[in-house]
Amino acid sequence: MTKATLVRWSLGEFYDDAAVVVSELVTNAIRYGLRPGVGYPLRLVLVRYERQLVCMVTDPADAAPTMREPDWITETGRGLHIIEAMSRAWGWTPLLQGGKAVWASFSII
């Protein structure tokens, strides 16, 4: 979906970076955002503004994403570091119905 959308928006050159960031956002949402018995789905949202591309994933958890020290043995804890390194900016916002949206943006000037 990410590739098809970016190509349709004539932003195919952003696909490699956006694909890594979207993968990390979705992985974090699955790993930390899903709760047993909660039917709230994950959502991927791609938004193109005049000068930026925003990739956002929503999940049902209310807890803020937190950057942590990577674990070099189990190879975890790198997701937000990768998102920060590859995007212009990232952040999160609570959703009115509960849960949160975690986003990363790219400059497309």
Side-chain angles (χ1 to χ4, degrees):
M1 181 191 126
T2 301
K3 184 174 187 175
T5 301
L6 294 181
V7 168
R8 190 170 53 252
W9 290 345
S10 299
L11 297 174
E13 69 271 17
F14 290 93
Y15 173 68
D16 290 338
D17 290 347
V20 171
V21 167
V22 165
S23 175
E24 293 297 334
L25 290 170
V26 169
T27 298
N28 286 347
I30 291 169
R31 177 174 271 178
Y32 304 109
L34 293 181
R35 294 179 294 188
V38 176
Y40 187 103
L42 302 180
R43 288 191 180 94
L44 168 62
V45 179
L46 302 174
V47 179
R48 178 184 181 175
Y49 292 107
E50 191 170 308
R51 294 186 175 151
Q52 67 179 331
L53 166 67
V54 178
C55 305
M56 180 183 341
V57 174
T58 65
D59 67 58
D62 295 323
T66 56
M67 225 183 261
R68 58 187 183 136
E69 187 66 31
D71 184 325
W72 302 106
I73 294 172
T74 62
E75 298 185 5
T76 61
R78 293 173 180 77
L80 292 177
H81 294 281
I82 291 168
I83 292 167
E84 183 173 70
M86 297 189 81
S87 63
R88 183 183 61 80
W90 76 275
W92 74 283
T93 187
L95 301 175
L96 292 175
Q97 74 273 19
K100 67 179 171 300
V102 183
W103 57 268
S105 67
F106 297 88
S107 295
I108 57 173
I109 299 174

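- When every heavy atom of A61 is checked against every heavy atom of Y32, the shortest pair comes out as CB-O, 3.9 Å.
- V54 and V45 fall within the same hydrophobic cluster, defined by Ile, Leu, Val, Met, Phe, Trp and Tyr side-chain heavy atoms under 4.5 Å apart, directly or through other members.
- Between W92 and W103, the shortest heavy-atom distance links the atoms N-NE1, 3.5 Å.
- Counting only residues at least two apart or in different chains, side-chain hydrogen bond (donor to acceptor under 3.5 Å, both in side chains) contacts with residues 77-91 comprise Q52-R88, R88-S105, R88-S107.
- No path of Ile, Leu, Val, Met, Phe, Trp and Tyr side chains, each step under 4.5 Å between heavy atoms, connects L6 with Y49, placing them in separate hydrophobic clusters.
- In the hydrophobic clustering of this structure, V47 does not group with M86; members are Ile, Leu, Val, Met, Phe, Trp, Tyr whose side-chain heavy atoms approach within less than 4.5 Å, directly or through other members.
- Applying the side-chain contact (heavy atoms from CB on, under 4.5 Å) criterion to D62, with sequence neighbours excluded, gives no partner residue.
- For M56 against A101, the heavy-atom pair with the smallest separation is SD-CB, 3.5 Å.
- Results of the side-chain contact (heavy atoms from CB on, under 4.5 Å) test with V57 over V26, N28, I30 single out V26 as the only residue that passes.
- Both V102 and V20 are assigned to one and the same hydrophobic cluster, defined by single-linkage of ILVMFWY side chains at heavy-atom distances under 4.5 Å.
- Separating the CG atom in L11 from the OG1 atom in T5 is a distance of 10.0 Å, to the nearest 0.5 Å.
- Annotation for I83 and L25: closest pair CD1-CD2, 3.6 Å, computed over non-hydrogen atoms.
- Hydrophobic clustering, with ILVMFWY side chains joined whenever heavy atoms are under 4.5 angstrom apart, keeps V7 apart from F14.
- Here the side chain of K100 pairs no donor or acceptor atom with the backbone of A64 at under 3.5 angstrom.
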Checklist entry - Would L46 and W9 count as a side-chain contact (heavy atoms from CB on, under 4.5 Å) if you check the C-alpha gap in whole Å, the side-chain angles of each, and the deciding distance to 0.1 Å? => result CA-CA 11 Å; L46 302 174; W9 290 345; 3.9 Å; yes
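- To the nearest 0.5 Å, atoms CG (D59) and CG (L95) are separated by 8.5 Å.
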